[in-house]
2 protein chains.
Amino acid sequence: MILNVDLASEVPIYQQLRDRIVEAIADGVLTEGSALPATRALAADFGINFHTVNKAYDLLRQQGLIRLNRKTGAVVTPTVADSPFRAQWTARARTLLAEAVAKGLSADEVVTTCRSVLESFAPPQPQDTP
Amino acid sequence: MILNVDLASEVPIYQQLRDRIVEAIADGVLTEGSALPATRALAADFGINFHTVNKAYDLLRQQGLIRLNRKTGAVVTPTVADSPFRAQWTARARTLLAEAVAKGLSADEVVTTCRSVLESFAPPQPQDTP
DNA sequence: GGTTTGTTCTATAACTTATAGAGTATAGGC
DNA sequence: GCCTATACTCTATAAGTTATAGAACAAACC
């Protein structure tokens with residue numbers, strides 16, 4: 001798993017880590033049951049402090065995307081989008097979509113962009129294709 | 001114009017203000033040439049410091065959505081989504097969309113939600129409908 | 001028992017958020 | 001032309017956030 005984190009960015013490192021892991025889950029790179037690297041190992045990889053990785057993992061745990069175990073480490077868990085999540089997600093989407101529209105993009109352009117991003121996710125897990 | 005800002009939220013006030021104004025522009029509540037309230041007046045409305053409003057306006061100016069003048073105040077300007085904006089917007093959309101997919105929403109559900117949010121924007125300016 | 005892993009605690013420097021007051025520029029009235 | 005109202009601009013400051021750091025603890029596993 002390759003997580004692209006920019007240490008020079010103004011976006012907090014723990015947030016970038018969280019975002020990249022969420023994207024990896026959406027991508028299907030990380031599937032249910034996949035183990036994430038140990039906090040100390042991942043921190044060493046990026047040359048950052050393990051507390052920073054800890055914070056990213058903690059956000060993911062709060063969101064219900066991973067489970068943390070003493071020895072097992074962080075494991076991706078199956079999740080269901082509940083009603084509060086949907087409402088909060090829609091509110092955030094509203095802001096992002098508004099930004100595109102305010103900058104003059106048409107609704108169709110925006111939908112097309114979203115669809116193409118979504119298509120780049122989750123390559124259907126290899127099934128028997130006779 | 002009613003801007004719904006939550007002073008108790010963990011989201012910075014200036015960011016909420018910016019987001020609500022962007023949404024008002026997308027909504028068509030604020031159109032090209034519309035004047036925003038004066039910083040001190042808006043600050044007084046919310047019972048916050050005018051510097052905080054200033055920061056929100058400054059973000060909008062950096063994004064090219066409004067223009068600031070000494071006596072005229074803040075005015076909504078026509079904008080065009082350039083290539084860097086599109087790229088950066090798509091990257092942000094990727095993170096948000098990934099979150100929905102990671103939480104188990106289907107691509108279709110997500111597209112439908114986006115489309116319905118987009119439809120709630122920009123009631124097409126009243127034209128002659130014979 | 002020792003290793004590996006997450007968890008917790010305290011501490012600290014640099015940056016961000018929000019507030020505050022004084023200063024400066026411009027439009028319009030006298 | 002000068003004055004005043006208005007609102008942007010600069011500097012300062014307190015509180016909170018981000019990232020780092022070291023030390024220690026707890027549980028699972030070999």
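Note on naming: letters A, B, ... go to the chains in the order of the sequence lines (proteins, then strands), and numbering restarts at 1 for each one.
- For CZ of B:Arg92, the number of neighbouring non-hydrogen atoms (other residues, nucleotides, ligands) closer than 6.0 Å is greater than 12.
- Atom CZ in A:Arg70 sits about 7 Å away from atom P in C:dT8, given to the nearest Å.
- Salt bridge status for B:Glu99 with A:Arg18: present, with a side-chain N to carboxylate O gap under 4.0 Å.
- Within the structure, every side-chain polar atom (N or O) of B:Asn49 is placed at least 4.0 Å from both OP1 and OP2 of C:dA18.
- The side chain of A:Thr52 contributes an N or O atom lying less than 4.0 Å from OP1 or OP2 of D:dT20.
- Along DNA chain C, the nucleotide nearest A:His51 and the nucleotide nearest A:Tyr57 are compared for position; the residue whose nucleotide lies closer to the 5' end is A:Tyr57.
- Between C:dT19, D:dA19, C:dG6, one nucleotide has an atom nearer to the side chain of A:Pro12 than all others, and that is D:dA19.
- If you take CG of A:Asn54 and P of C:dT8, they are 9 Å apart, rounded to a whole angstrom.
- Residues A:Thr52 and A:Phe46 have side chains not in contact (no heavy-atom distance under 4.5 Å, counting atoms from C-beta outward).
- Contact annotation: side chain of A:Arg40 to base of C:dT7, donor-acceptor pair present below 3.5 Å.
- Using a 4.0 Å heavy-atom cutoff across all strands shown, B:Leu68 reaches no nucleic acid atom at all.
- Checking D:dT18, D:dT9, C:dA18 against the side-chain heavy atoms of B:Phe50 singles out D:dT9 as nearest.
- In terms of phosphate contacts, B:Lys55 brings no side-chain nitrogen or oxygen within less than 4.0 Å of OP1 or OP2 of C:dA18.
- Set against C:dT7, D:dA7, C:dG21, the side chain of B:Thr39 has D:dA7 as its closest nucleotide.
- Electrostatic pairing of B:Asp58 and B:Arg61 counts as a salt bridge here, judged by a charged N lying under 4.0 Å from a carboxylate O.
- We find that CD of A:Glu10 is positioned 16 Å from C1' of D:dA19, with the value rounded to whole Å.
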